[in-house]
2 protein chains.
Amino acid sequence: MNKKTSLKDIAQHLGVSTALVSYVINNKEKEARVGADMVKKIRQAVIDMNYQPNLVAKSLKSGQSKTIGLVVADISNPFFSMIARLIEDEAMKLGYVVIFGSSDENAEKSQSLINVYLNRQVDGFIISPTEHTEEQIRAVQKTGIPVVLIDRYFPDFPTDSVRINNKEVSEQAVDHLIGKGRNNIAILTYKTKMAHITDRTEGYKMSLKKHKIKVNKKLICEASYQDIEKDVRNQMLNLFNGEQQVDGIFFATNSLAVLGLKVIIGLGIKVPEDLAIVSFDQSDAFDFFYAPLSYVSQCLQQLVKEAINLLIKRIQQPGKSRNSYESVIVEAKLVTRES
Amino acid sequence: MNKKTSLKDIAQHLGVSTALVSYVINNKEKEARVGADMVKKIRQAVIDMNYQPNLVAKSLKSGQSKTIGLVVADISNPFFSMIARLIEDEAMKLGYVVIFGSSDENAEKSQSLINVYLNRQVDGFIISPTEHTEEQIRAVQKTGIPVVLIDRYFPDFPTDSVRINNKEVSEQAVDHLIGKGRNNIAILTYKTKMAHITDRTEGYKMSLKKHKIKVNKKLICEASYQDIEKDVRNQMLNLFNGEQQVDGIFFATNSLAVLGLKVIIGLGIKVPEDLAIVSFDQSDAFDFFYAPLSYVSQCLQQLVKEAINLLIKRIQQPGKSRNSYESVIVEAKLVTRES
DNA sequence: ATCACTAGCTTAAACCTTTAAGCTATTAAA
DNA sequence: TTTAATAGCTTAAAGGTTTAAGCTAGTGAT
């Protein structure tokens with residue numbers, strides 16, 4: 001109702017200049033040589049008048065908004081909402097606030113989010129990028145505002161990024177299936193050229209080759225992001241109705257696994273007798289499947305910590321390292337259970 | 001690298017005043033009687049120089065940040081991340097951006113989030129409040145910045161709020177269990193005085209009374225937010241190791257259900273033969289339980305739409321309706337499945 | 001030739017901070 | 001007594017916008 005009190009209000013109330021009040025509020029009374037009793041008077045007035053600084057004005061003056069822009073594919077996806085939560089915690093500790101947006105794997109939405117955040121003068125970006133957004137990222141880099149990619153990355157295009165060892169851990173996952181005596185192993189993955197996903201297929205292939213198992217293209221199932229439910233269903237039905245005697249499957253993400261498992265349940269396939277399963281990432285759902293799933297565990301906390309550290313480093317040393325970007329790789333590990 | 005172009009830059013480049021540029025950019029060329037060729041020149045310069053408005057400066061001038069502050073218990077909880085996602089979509093459509101924070105059911109964290117958002121001049125709040133935060137909400141109301149509570153509410157304290165018919169739908173849920181021939185029905189709920197939860201217990205009791213079943217305090221299990229896993233475990237073990245022949249259970253939230261189901265699986269209890277179950281809210285996990293759970297379905301989309309509508313209405317008619325707050329109740333419905 | 005209008009601009013203040021530079025009165029030193 | 005230094009304040013500009021008010025030159029009417 002009644003407007004917020006500003007520096008000016010306090011200054012007028014005490015009959016002094018706003019400069020003086022500002023110095024005291026920012027604890028610069030010594031540099032500015034403010035008198036001891038004046039300091040007291042101002043401190044008291046700040047309390048009495050319930051002064052709260054206007055961060056918008058501060059931002060305008062300083063050019064720092066103390067805001068981080070987060071762009072992910074979909075904040076309602078547990079994987080990303082967990083990342084968001086961890087980013088929020090780390091950012092808060094450092095006095096930053098997070099604004100978020102979901103790109104829905106759509107380059108246009110991604111661009112519009114980035115634009116909005118740029119106009120709002122975010123101090124830095126954390127982005128889990130979508131296909132065909134390399135130029136968007138490059139444009140941000142040109143502005144001098146730091147960007148750190150998280151989870152996803154562009155191998156042919158230099159950026160700061162934090163991610164896991166997708167290829168290696170996928171290889172381990174398939175090794176594990178082979179170790180269980182399986183040799184007709186399928187992979188369900190996304191139809192995408194994004195490296196974090198194709199790396200997983202690479203790891204799958206590497207494991208097969210290492211074990212002298214021939215790679216069968218029919219066992220590499222790709223579902224597109226659009227109409228994902230139907231697509232997974234069809235891919236899975238194809239897989240199990242065909243002549244291939246699939247005895248193992250590797251799901252490239254937890255979302256794919258959740259959808260895939262529903263089909264597996266529907267078909268009455270027995271796990272792990274008829275089919276051994278490893279998935280990427282966790283899900284509450286995995287614990288309720290009658291044979292708790294083996295999965296690749298990413299330490300999201302560490303991933304986020306590295307991302308924030310890198311971002312803050314960039315924010316605090318602007319201009320530096322324009323031509324040297326850092327890639328941080330966090331080790332994921334395989335958790336084996338009954339499946 | 002190179003600084004963003006400002007209004008001033010464009011004005012200098014064309015040798016005109018910033019006022020003129022501002023009028024054209026905001027499509028007020030008619031009111032301001034700007035010459036037709038000048039309009040063209042400015043429009044072209046805006047494109048050539050890639051002008052992007054500084055929203056921080058705009059905010060300072062207008063007092064409107066076009067930002068909504070969202071406070072929930074935990075953004076990584078699927079229930080809230082879905083709400084966040086829906087709010088994001090609605091807000092984006094209207095040109096608003098969302099900043100979010102998690103209170104962890106902690107009144108102090110809630111206060112600090114609210115303070116940060118106030119200092120950042122958010123235009124409105126959407127809050128799913130935690131216990132003992134009535135005064136915080138009241139303080140926000142006093143500032144004149146609109147607040148809409150979502151999901152949770154304070155029955156004795158007037159606010160704008162959007163929620164579901166907790167009591168009635170809980171009664172229906174228990175009616176359903178009774179209809180299945182159960183008469184030793186337990187409820188697992190949180191140890192809290194928040195009305196959205198206690199309403200569910202009320203509904204449970206109402207159903208029992210209606211069916212002339214005596215309410216047994218031993219069947220009302222309350223777990224505290226802190227150390228929730230252990231607490232649920234203990235409560236459940238008590239329930240099933242005691243003399244009560246529990247044959248039905250109503251979970252007051254999906255988080256409680258997920259934890260509770262794990263215990264039920266561990267104990268080897270057969271669903272629905274030995275135990276019939278209804279839970280509040282959905283979860284991927286429910287689909288994987290061998291007997292797909294019956295649950296109370298909230299239409300979050302509608303909930304969020306109502307919340308945003310109400311909030312925007314308040315933002316656009318400031319001062320109005322200071323003493324008349326609105327409560328919107330969205331109907332939730334029972335989805336019955338095998339459990 | 002004078003006046004009234006109006007089209008087409010500019011000026012300047014305001015939003016709230018921060019901070020370098022400047023001012024004044026007092027004190028200390030010479 | 002004069003000069004220099006210092007403590008303790010104020011002034012004013014800057015950051016990027018918006019917008020009411022003011023200014024100027026040209027047009028048309030008288």
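The figures here come from the full heavy-atom set of this structure, side chains too, leaving out hydrogens, waters and symmetry mates.
- A distance-only check finds a donor-acceptor pair linking the side chain of A:Ser59 to the backbone of A:Leu55 [under 3.5 Å].
- Remark: P of D:dT17 and NZ of B:Lys66 are 17 Å apart, rounded to the nearest angstrom.
- Rounded to whole angstrom, the span from the CD atom of B:Gln64 across to the C1' atom of D:dT17 amounts to 14 Å.
- Cation-pi geometry between A:Lys66 and A:Tyr96 is met: the NZ or CZ atom falls under 6.0 Å from the ring centre, inside 45° of the normal.
- Counting to the nearest Å, the C1' atom of C:dT19 and the CG atom of A:Asn26 are 10 Å from each other.
- A salt bridge is absent between B:Glu306 and B:Lys313; no separation between the charged side-chain nitrogens and carboxylate oxygens falls under 4.0 Å.
- Rounding to whole angstrom units, CG of residue A:Asn54 and P of C:dA14 are separated by 17 Å.
- Proximity of a side-chain donor or acceptor of A:Glu108 to a complementary backbone N or O of A:Ser103 within less than 3.5 Å is not detected.
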N/O donor to acceptor pairs below 3.5 angstrom from side-chain atoms of residues 34-42 of chain B, sequence neighbours left out:
none

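- Rounded to an integer number of Å, the gap from B:Leu7 CG to D:dG15 P is 13 Å.
- The side chain to side chain donor-acceptor pair (under 3.5 Å) check on A:Asp123 picks up A:Ser65, with sequence neighbours excluded.
- Atom NZ in B:Lys58 sits about 19 Å away from atom C1' in C:dC16, given to the nearest Å.
- The separation between B:Lys4 atom NZ and D:dT17 atom C1' is 13 Å, rounded to whole Å.
- For D:dT17, neither phosphate oxygen OP1 nor OP2 lies less than 4.0 angstrom from any side-chain nitrogen or oxygen of B:Ser22.
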Problem set entry | Annotated protein contacts, base or backbone, on nucleotides 4-13 of chain D with a non-hydrogen cut-off under 4.0 Å, one of B, S, - each | ---BBBBB--
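- Nearest nucleotide to the side chain of A:Leu60, out of C:dT17, D:dG15, C:dT18: D:dG15.
- Put simply, NZ on B:Lys8 is 10 Å from P on D:dT17, counting in whole angstrom units.
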